[in-house]
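Worksheet for the structure shown next.
Bear in mind the structure is a predicted one, so any value in this text is a computation, not a measurement. Order of listing sets the numbers, starting from 1, for every ligand and every atom in it. Computation of the quantities below employed the complete heavy-atom set of this structure, encompassing side-chain atoms and omitting hydrogens, waters and symmetry-equivalent molecules.
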Amino acid sequence: MTVGKNIPHDSAVTHVSGESIFIDDRAFLKNEVVCGLMGAPIAHGRLKNIDISKALEVPGVLGIYTHKDLASNRWGAIVKEQPILVDDIISYESEPVCVIAAESYKAIEKAKQLIQIEVEEIEPILSLQEAIDREDFLSDEKKIARGNVEESFSNAEHTLEGFFENGGQEHFYLESHACAAIPLENNQIEVHSSSQHPSETQHVVAQSLGLSYHQVVCVVKRMGGGFGGKESQAAPFASLVGLCAKKLKRPARLIISKDDDMKITGKRHPFKNFWKVAFDKEGKILGYRIRLFSNGGAYTDLSESILERAMLHSDGCYYIPNVEILGRVCKTNIHSNTAFRGFGGPQGNATIESVIEEIAHFLKKDSLEIREKNIYQGDKLTTPYGQIVDNNTLPELMEKIKESSNYLKRREEIEEFNKNSATHVKGLALTGTKFGIAFTARFLNQANALVNLHLDGTVQVSTGATEMGQGVNTKIQQIAANAFGIDASLVQVMPTSTEKNHNTSPTAASSGSDLNGMATLIACNKIKQRLASVFNTLQKGEISPADEIEINSVEELDHIVFENSKVRDTKTSKEIDFKELISTAYFNRVSMGDYAFYKTPGLGFDKAKGKGQAFNYYTNGLAVSEVLIDRFTGETKVLRADVLMDLGRSINPGIDMGQVSGAFIQGMGWVTSENLTYSDKGVLLSHSPTTYKIPSIQDTPREFNIDLIENNTNDVCVHRSKAVGEPPFLLGNSVWNAVKDALYFVNPSNASKLKLPATCEEIVTLLDE
Ligand code: MTE
Ligand code: HPA
Ligand code: MOS
């Protein structure tokens with residue numbers, strides 16, 4: 001069995017040696033030009049005029065193109081409303097206005113200084129609260145409800161209310177947006193893009209350049225990280241590089257600098273969520289109302305789906321009988337916010353976890369007690385949207401991590417410590433993730449795969465999945481190798497390309513391996529059926545030159561197994577080398593390639609009613625974090641973090657452990673140090689690593705324990721695995737709740753005011769006030 005083994009990531013060696021090819025590592029083609037963008041100078045206004053005449057005179061500048069050069073200037077993942085280049089209204093600072101193609105980057109820089117953009121300013125809306133007050137929305141109000149919240153508020157012993165605010169988050173992929181375009185004959189174009197969504201990139205390039213889809217191929221070899229930031233927003237860049245290539249009839253590349261990338265592209269959505277909760281004296285939650293407002297920025301992008309996922313995760317890991325969840329996307333004059341690991345889930349989850357800390361403080365109980373009382377129990381309870389939480393591993397996880405993290409004993413020690421330390425304070429919190437796996441847009445839950453066997457016994461697999469570091473290629477490699485019973489080294493997962501796999505979904509929603517892995521397995525099985533039939537025929541004696549191989553039904557072949565590079569009949573005990581069988585198949589004209597399609601069965605969430613089967617299953621996990629805060633500076637250290645996850649039967653536990661640790665740290669960064677700051681004119685000030693602080697190795701938990709439980713029940717996913725990419729991101733919330741817990745000890749009246757991120761500045765202010 002190759003599935004379940006820790007084979008190395010398919011790029012492990014070349015990433016370390018530096019041989020991995022990213023877009024900008026591609027050797028320059030003959031005549032290739034470089035491109036750059038010129039952005040809007042203000043956050044909101046009317047574009048009156050662009051004067052490029054002087055810039056065009058700069059030696060080396062080959063062309064400067066505006067919206068007028070595009071056949072169609074609108075794109076959008078959900079609503080086709082966003083200009084590729086500003087044509088009328090400027091909606092955020094740095095919004096691309098024109099693209100410059102030149103012989104050198106120096107020429108581009110000179111040209112940018114000479115382009116004159118004439119604007120008429122309009123007052124921008126910059127804050128979420130301002131947008132709420134002015135009712136400046138990008139969506140209608142959505143609602144998910146069950147029971148009667150009003151009644152629960154009037155009948156309950158206690159109610160509390162407040163609001164929860166979280167900031168955005170920069171994706172900080174190491175490879176910024178990058179793309180290259182090669183014009184081919186007959187108006188065809190080949191686009192290479194650092195994109196999670198090659199199909200959408202193909203479509204947007206074609207539409208914007210006035211081409212048909214069959215004239216455009218989009219290839220994605222890999223990304224240097226995506227994290228959701230390249231789900232929708234890679235496409236317009238590809239249009240722009242395509243425009244330059246098409247105009248000049250020369251290959252072109254567009255590599256966005258870190259600073260420009262940070263200014264131009266969207267980030268995680270800030271939210272401001274108003275809540276009210278009803279509970280009894282034991283801390284059992286009886287009713288919860290939450291009204292979510294997300295900051296979508298300038299355009300809709302994926303905001304509606306992100307808001308929806310936030311609403312679908314507003315229950316966290318907790319069963320609440322009476323619920324009302326309302327949500328709306330706000331429009332502001334900043335970059336258009338977009339998908340980011342968790343896709344709204346972290347924001348919904350963070351609110352309920354924060355509310356639980358408040359209930360605990362109010363009742364003078366440990367927050368763990370409140371969580372234990374409310375966590376989904378058994379296999380029959382339903383979510384506010386009516387999906388049954390079956391195969392529920394949350395209680396098992398709770399029992400185990402409470403023990404393994406030594407929670408109760410450490411709680412006592414922390415209380416002792418806090419009483420005795422004049423300089424520091426500690427906090428402890430356990431939080432959870434119950435992450436719904438599936439795209440909430442049902443049509444996206446489909447995938448296709450192409451599997452080709454070669455005569456030397458090796459295999460090439462192509463799917464719509466894109467590799468961004470998460471290891472999807474390696475998992476697909478294992479699934480194919482496992483199917484044929486051969487060593488994983490004999491399987492190569494090929495670059496993603498729209499000419500092999502079409503109408504693909506983005507590699508997102510953590511379901512890349514679920515969907516593409518399943519399509520791969522189906523394709524392999526189709527080939528295996530034919531190979532096994534050949535073997536069946538062979539066993540009857542020599543195949544004569546005039547024979548046609550009869551393909552048997554799957555049932556007739558169930559005694560033929562593919563193992564250890566051999567194909568064996570368990571009835572006759574006869575066996576043949578896999579390679580020899582392939583050769584026989586070829587010479588008898590049996591196809592050794594196949595294509596398969598997969599769609600996730602059973603999904604059906606009714607958005608209008610806010611009810612139904614939104615997800616295929618849940619990936620669950622819990623984390624316990626302990627923080628140490630310097631009372632004078634607010635400096636916070638995570639002393640220890642314990643994470644326990646249910647990943648079903650992992651296809652590659654090593655890769656999954658990497659995903660869990662990476663997601664936790666990225667989540668921890670969001671809730672602690674990553675702070676986006678803007679000027680009062682809406683200019684992003686924190687647009688480089690010097691002003692935007694992601695976690696470094698020094699910030700990781702001093703003690704970091706990650707473990708997986710055994711769970712063989714997930715029969716709705718390939719090899720009973722579970723998706724891993726996003727769910728553990730939400731566990732970073734445990735660090736924020738631990739900070740809140742610590743604040744309650746020092747300054748209870750301020751703890752409820754804690755914003756996310758809990759930066760040193762935020763903490764020290766609340767400690768002081
Ligand atoms: N891991 C790495 N190393 N780099 C990434 O960009 N993206 C995350 C997650 N893990 C990401 C990552 C996000 S947002 C998603 S949705 C999933 O990977 C996508 O891949 P999968 O569906 O194959 O898990
Ligand atoms: N998750 C991630 N990406 C998506 C989704 C989703 O549910 N829907 C559309 N894009
Ligand atoms: Mo991940 S945010 O679904 O790309």
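At a heavy-atom distance under 4.0 Å, atoms from both the backbone and the side chain of Ala509 approach ligand 2. Proximity of Ser511 to ligand 1, defined as any heavy-atom pair under 4.0 Å, is confined to the backbone N, CA, C and O atoms. With a 4.0 Å cut-off on non-hydrogen atoms, Gln659 touches ligand 1 through its side chain and not its backbone. Looking at Met223 against ligand 1, nothing comes within 4.0 Å, counting heavy atoms. The backbone of Ala509, and not its side chain, has at least one atom closer than 4.0 Å to an atom of ligand 1 (non-hydrogen atoms only; backbone = N, CA, C, O).
Taking a cut-off of under 4.0 Å to the non-hydrogen atoms of Thr440, the atoms of ligand 2 that pass are 7 (O). Close approach of ligand 1 to Ala508 (heavy-atom distance below 4.0 Å) involves ligand atoms 16 (S). In the vicinity of Glu231, heavy-atom distances shorter than 4.0 Å reach the ligand 3 atoms 4 (O). Every atom of ligand 1 with a heavy atom of Gly512 under 4.0 Å away is listed here by number and element: 21 (P), 22 (O), 23 (O). Residue contact check: Phe340 has heavy atoms under 4.0 Å from atoms 2 (S) of ligand 3. Contact atoms of ligand 2 toward Ala508: 3 (N) (distance under 4.0 Å to a heavy atom of the residue). Close approach to Ala508 involves these atoms of ligand 3, each under 4.0 Å from a residue heavy atom: 3 (O), 4 (O). Atoms of ligand 1 lying under 4.0 Å from at least one heavy atom of Gly469, given by number and element, are 2 (C), 3 (N). Each of the following atoms of ligand 1 lies closer than 4.0 Å to a heavy atom of Val472: 23 (O). Remark: ligand 3 atoms within the under-4.0 Å shell around heavy atoms of Gly228 are 2 (S), 4 (O). Set against the non-hydrogen atoms of Gly225, the atoms of ligand 1 under 4.0 Å away are 6 (O). Numbered from 1 in the order shown, with element, the atoms of ligand 1 that lie under 4.0 Å from a heavy atom of Gly228 read 14 (S). Of all atoms in ligand 1, listed by their number and element, those nearer than 4.0 Å to a heavy atom of Gly226 are 5 (C), 6 (O).
Salt-bridge annotation for Asp656 and Lys475: present, with a side-chain N of the basic residue lying under 4.0 Å from a carboxylate O of the acidic one. Using a cutoff of 4.0 Å between basic side-chain nitrogens and carboxylate oxygens, Glu175 and Arg222 are not scored as salt-bridged. With respect to Glu674 and Arg268, no salt bridge is recorded, no charged nitrogen being found less than 4.0 Å from a carboxylate O. At a threshold of 4.0 Å, the pair Glu141-Arg328 does not count as salt-bridged, since none of the basic side-chain nitrogens sits closer than that to a carboxylate oxygen.
The closest protein non-hydrogen atom to atom 1 (Mo) of ligand 3 is Glu726 OE2, 3.6 Å. The nearest heavy-atom contact from the protein to atom 4 (O) of ligand 3 is Gln196 NE2, 2.8 Å. For atom 6 (C) of ligand 2, the closest non-hydrogen atom on the protein side is Phe343 CE2, 3.3 Å. Atom 7 (O) of ligand 2 has its closest protein heavy atom at Arg309 NH2, 3.2 Å. Atom 3 (O) of ligand 3 has as its closest protein heavy atom Ala509 N, 2.7 Å. Summary of contacts: the protein heavy atom closest to atom 9 (C) of ligand 2 is Leu444 CD1, 3.5 Å. In terms of protein heavy atoms, atom 2 (S) of ligand 3 is closest to Arg341 N, 3.1 Å. Here the heavy atom of the protein found nearest to atom 10 (N) of ligand 2 is Glu231 OE2, 2.6 Å. For atom 19 (C) of ligand 1, the closest non-hydrogen atom of the protein is Met468 CE, 3.9 Å.
Between His177 and Tyr173, the ring-plane angle classifies as perpendicular under the 30° and 60° cut-offs. Ring-plane geometry between Phe435 and His313 is classed as tilted, the angle between the planes lying from 30 to 60 degrees on a 0 to 90 degree scale. Note: Tyr299 and Tyr92 have perpendicular aromatic rings, judged against thresholds of 30 and 60 degrees for the angle between ring planes.
Taking only non-hydrogen atoms, the option from Glu726, Glu231, Lys230 nearest to atom 15 (C) of ligand 1 is Glu726. The nearest non-hydrogen atom to atom 20 (O) of ligand 1, considering only Gln470, Arg341, His171, comes from Gln470.
For the side-chain hydrogen bond (donor to acceptor under 3.5 Å, both in side chains) with Lys267, the lone residue among His335, Glu170, Gln169 that qualifies is Glu170. Applying side chain to side chain contact (heavy atoms under 4.5 Å, CB included) to Leu302 and the options Asn337, Thr338, Leu307 leaves one that passes, Thr338. Just one of Phe271, Phe293, Trp736 meets the ring pair (Phe, Tyr, Trp, His ring centres under 6.0 Å) condition when paired with Phe164; it is Trp736. The side-chain hydrogen bond (donor to acceptor under 3.5 Å, both in side chains) with His687 is formed by just one residue from the set Asp260, Asp259, Asp261; it is Asp259.
Here the straight-line distance linking atom OG1 of Thr463 with atom NZ of Lys500 works out to 9.0 Å at 0.5 Å rounding. In this structure, CG on Leu397 lies 10.0 Å from CG on Leu708, to the nearest 0.5 angstrom. Taken to the nearest 0.5 Å, the OG1 atom of Thr466 stands 9.5 Å off from the CD atom of Glu231. If you take CH2 on Trp75 and NZ on Lys80, they are separated by 12.0 Å, rounding to the nearest 0.5 Å.
The two atoms that bring Gly167 and Trp670 nearest to each other are O-NE1, 3.1 Å, heavy atoms only.
Geometrically, Lys722 does not engage Tyr618 in a cation-pi contact, judged by NZ or CZ lying under 6.0 Å from the ring centre and within 45° of the ring axis.
Not a single heavy atom of Gly662 sits under 4.0 Å from any atom of ligand 1.
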